[in-house]
Amino acid sequence: MILPWYTGHVRDPKIIKDGDVYYMLLGAQREADLKGSIIVYSSDNLLEWALKGELSIDIDADFNEAYMFECPDLLEVDGQDVLIFSPQGISPKQERFQNRYNVVYCIGRIDWASLTFTVTHWDELDRGFDFYAPQTMNNNPNEPTLIAWAGTDGDLPSEQYGWVNCLTAPRKLSIKENKLYQELEPINETKLNSVLVNLNIKTERIIKLESLSFLLDIDFSQAENIAVVIFDDFNNEFLFTVDNESKQLTLDRSNYDHNEKEYEFGSIRSCSLTEKSKNLTLFCDQSIIEIFSDQGRNVFTSLFFPSKGNQYLKITFDEPAEIKATLQYVNGI
């Protein structure tokens, strides 16, 4: 049934229990102004549902211009309510909203009686190219885990092999200093083969990769700037840089073969640092790269379409510095 106040774009139900009442959140589009919204139903038995109304997100934010809100989610993280949804149709705003579709989170408090979400902080959930429609679950009590869809396009280089898009690795959520952090969930140690531990790097180190399924941890607290590059025999390169002097994190895939349609949205993503970056975790699994800075304070996700040539990892500093780095190959994921 199409509700009289909304277009036919009503989808992506998420059910939440609060006390003895179940609530269903649905992404929607208002008929009056063709803007995105979240509508709420309630039920006592999961069988009979009554429309409560539209959720008011109590903030004047850029995402309010979206023509559709998809995949709403609501959960509690460290004692605070977190609302996550995927607004469509937002024009780029400096570093934000550079992709075809984007994801935001709001930290605050839900009031079911007034259907109001009071926001204390909001931001994009991921700063990379390919991250959409995340959903959360509680694998353990009070330990929410997030998994997202990596990609929104059906025309990709992998299509010739019979697949497009994939899912991200599971991420553990927490709130620190009123910001949502995302950490890579621990990988079973039996799946890891550690090859470089406590590696001291001065200026530059190049490693020929045995596999493109690997986990790289770098502690560069003694350094200011760092570049991590994956490149091949054909001079394709996938570059991530940390510049603590200009306070910027940057992911650059302009020198890597990808999907031409996506390049209309640019090939560089960046975000500003609010404090010095000291460590990185980079998880690569053949066709996806996920980069976590500083225990997940900022995260970049990108699909990855490597050539069939040899692949190399290069870690570079603009001046000599000793760091600790661990490279582990991942087996059987």
Side-chain angles (χ1 to χ4, degrees), residues 59-66 77 80 82-87 90-108 119-132 134 146 148 168 171 173-184 216-229 238-255 262-263 265-283 289-302 315-319 321 323:
I59 191 169
D60 181 16
D62 296 329
F63 56 73
N64 288 322
E65 75 178 51
V77 181
Q80 298 190 64
V82 178
L83 179 67
I84 298 173
F85 56 97
S86 303
I90 309 177
S91 56
K93 310 289 185 183
Q94 297 178 329
E95 296 174 343
R96 290 188 175 127
F97 307 125
Q98 296 296 317
N99 296 329
R100 183 191 305 271
Y101 303 128
N102 306 274
V103 180
V104 301
Y105 73 88
C106 299
I107 298 174
V119 180
T120 59
H121 174 74
W122 75 272
D123 205 345
E124 276 194 275
L125 196 56
D126 189 284
R127 297 292 192 166
F129 298 95
D130 303 288
F131 181 92
Y132 195 65
L146 178 145
T168 67
R171 302 177 182 184
L173 302 180
S174 61
I175 294 178
K176 302 174 186 177
E177 299 176 348
N178 206 34
K179 181 176 176 65
L180 189 65
Y181 278 58
Q182 305 168 74
E183 292 183 76
L184 181 68
L216 176 68
D217 288 300
I218 309 176
D219 179 351
F220 53 92
S221 54
Q222 298 182 35
E224 287 299 317
N225 305 324
I226 179 176
V228 179
V229 185
F238 196 96
L239 171 66
F240 187 80
T241 57
V242 178
D243 189 332
N244 279 306
E245 294 176 346
S246 63
K247 298 182 179 180
Q248 285 282 314
L249 301 176
T250 303
L251 176 60
D252 185 346
R253 67 179 185 188
S254 55
N255 292 323
E262 286 300 301
Y263 276 119
F265 300 98
S267 55
I268 296 174
R269 296 290 182 269
S270 63
C271 75
S272 298
L273 292 168
T274 55
E275 56 186 270
K276 181 179 178 180
S277 181
K278 299 178 180 179
N279 56 73
L280 288 177
T281 296
L282 190 153
F283 176 57
I289 295 176
E290 300 176 63
I291 303 170
F292 303 80
S293 77
D294 304 285
Q295 287 77 49
R297 187 167 67 230
N298 294 292
V299 185
F300 293 73
T301 300
S302 179
I315 304 173
T316 305
F317 297 88
D318 56 3
E319 60 184 30
I323 70 164

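Because the structure is predicted, anything quoted here is derived from the model rather than measured.
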Margin query: How long is the straight-line distance from CD1 of I323 back to OG of S221, given to the nearest 0.5 Å?
Written below: 9.5 Å
Checklist line | Closest non-hydrogen atom pair between N244 and N225, with its separation | finding: N-OD1, 2.9 Å
Checklist line | NZ/K247: more than 12 non-hydrogen atoms of other groups inside 6.0 Å | finding: no
Checklist line | Spacing of SG belonging to C106 relative to CD1 belonging to I59, to within rounding of 0.5 Å | finding: 6.5 Å
Checklist line | Over 12 non-hydrogen atoms of neighbours within 6.0 angstrom of CG in N178 | finding: yes
Margin query: Taking the side chain as everything from C-beta on, heavy atoms only, tell me whether L239 gets closer than 4.5 Å to N255.
Written below: no
Check: Who are the side chain to side chain donor-acceptor pair (under 3.5 Å) partners of D126, not counting sequence neighbours?
Finding: R171, T301
Next item on the list: Answer with yes or no whether the side chains of S254 and D252 bring together a donor and an acceptor at under 3.5 Å.
Entry: yes
Next item on the list: Answer yes or no: is there a side-chain heavy-atom contact under 4.5 Å between V229 and T316?
Entry: no
Next item on the list: Determine the minimum heavy-atom distance between S302 and L251, stating which atoms define it.
Entry: CB-CD2, 4.1 Å
Checklist line | Carboxylate-amine/guanidinium proximity below 4.0 Å for R297 and E275 | finding: yes
Next item on the list: Please name all residues satisfying side chain to side chain donor-acceptor pair (under 3.5 Å) with K278, sequence neighbours left out, ordered by chain then number.
Entry: none
Note to self: Working note: K93 + E65, criterion side-chain contact (heavy atoms from CB on, under 4.5 Å); need CA distance, chi angles, decisive distance, verdict.
What the structure shows: CA-CA 12 Å; K93 310 289 185 183; E65 75 178 51; 3.2 Å; yes
Item checked: Nearest non-hydrogen partners of P87 and N102, listed with the distance -> CD-O, 3.3 Å
Next item on the list: Answer yes or no: is there a side-chain heavy-atom contact under 4.5 Å between I84 and L125?
Entry: yes
Note to self: Run the ring-ring contact (aromatic ring centres under 6.0 Å, His included) test against F240 and tell me which residues pass, sequence neighbours left out.
What the structure shows: F300
Notebook entry, point to check: After noting the C-alpha distance and the side-chain angles of T250 and V242, does the key distance pass the side-chain contact (heavy atoms from CB on, under 4.5 Å) rule?
Noted result: CA-CA 7 Å; T250 303; V242 178; over 6 Å; no
Check: Just how far is it from atom CZ of F265 to atom CG of N99, taken to the nearest 0.5 Å?
Finding: 8.0 Å
Item checked: N298 CG to Q182 CD distance, which is reported to the nearest 0.5 Å -> 9.5 Å
Note to self: Go through it in stages, so that I can follow the logic: the residues are V228 and L282, the test is side-chain contact (heavy atoms from CB on, under 4.5 Å), and I'd like the CA-CA distance, side-chain angles, deciding distance and then a yes or no.
What the structure shows: CA-CA 9 Å; V228 179; L282 190 153; 4.1 Å; yes
Margin query: I want to check something: taking the side chain as every heavy atom from C-beta on, are D217 and L280 in contact at a cut-off of under 4.5 Å?
Written below: no
Margin query: On a heavy-atom basis, which atom in S272 and which in Q248 lie closest, and how many Å separate them?
Written below: OG-NE2, 3.0 Å
Note to self: Working note: V103 + Y132, criterion side-chain contact (heavy atoms from CB on, under 4.5 Å); need CA distance, chi angles, decisive distance, verdict.
What the structure shows: CA-CA 6 Å; V103 180; Y132 195 65; 4.0 Å; yes
Notebook entry, point to check: Taking all non-hydrogen atoms of both residues, which atom of D294 and which atom of K276 are closest, and how far apart?
Noted result: OD1-O, 4.2 Å
Notebook entry, point to check: Side chains of F131 and T168: closer than 4.5 Å at any heavy-atom pair?
Noted result: yes
Check: For the residue pair G266 and F129, what are the closest heavy atoms and their distance?
Finding: O-CE2, 3.8 Å
Next item on the list: Scan R269, R253, R100 and name whichever one has a salt bridge (Lys or Arg N to Asp or Glu O under 4.0 Å) with D130.
Entry: R253
Note to self: Just to verify, what does D62 make a side chain to side chain donor-acceptor pair (under 3.5 Å) with, not counting sequence neighbours?
What the structure shows: none
Notebook entry, point to check: Which distance, rounded to the nearest 0.5 Å, do you find between the OG of S91 and the CZ of F97?
Noted result: 9.0 Å
Check: Do E124 and Q98 have side-chain atoms, one donor and one acceptor, less than 3.5 Å apart?
Finding: no
Check: Roughly how far, to the nearest 0.5 Å, is the CZ atom of F292 from the CD atom of E290?
Finding: 4.5 Å
Next item on the list: For R127, enumerate each residue passing the side chain to side chain donor-acceptor pair (under 3.5 Å) test, keeping only those at least two apart in sequence or located in another chain.
Entry: D123
Next item on the list: Could you walk me through whether F85 and F63 pass the ring-ring contact (aromatic ring centres under 6.0 Å, His included) test, one step at a time?
Entry: CA-CA 10 Å; F85 56 97; F63 56 73; 5.2 Å; yes
Checklist line | Test ring-ring contact (aromatic ring centres under 6.0 Å, His included) applied to Y105 - qualifying residues, sequence neighbours left out | finding: H121
Next item on the list: Would you kindly say whether T241 and D243 are connected by a side-chain donor-acceptor distance under 3.5 Å?
Entry: no
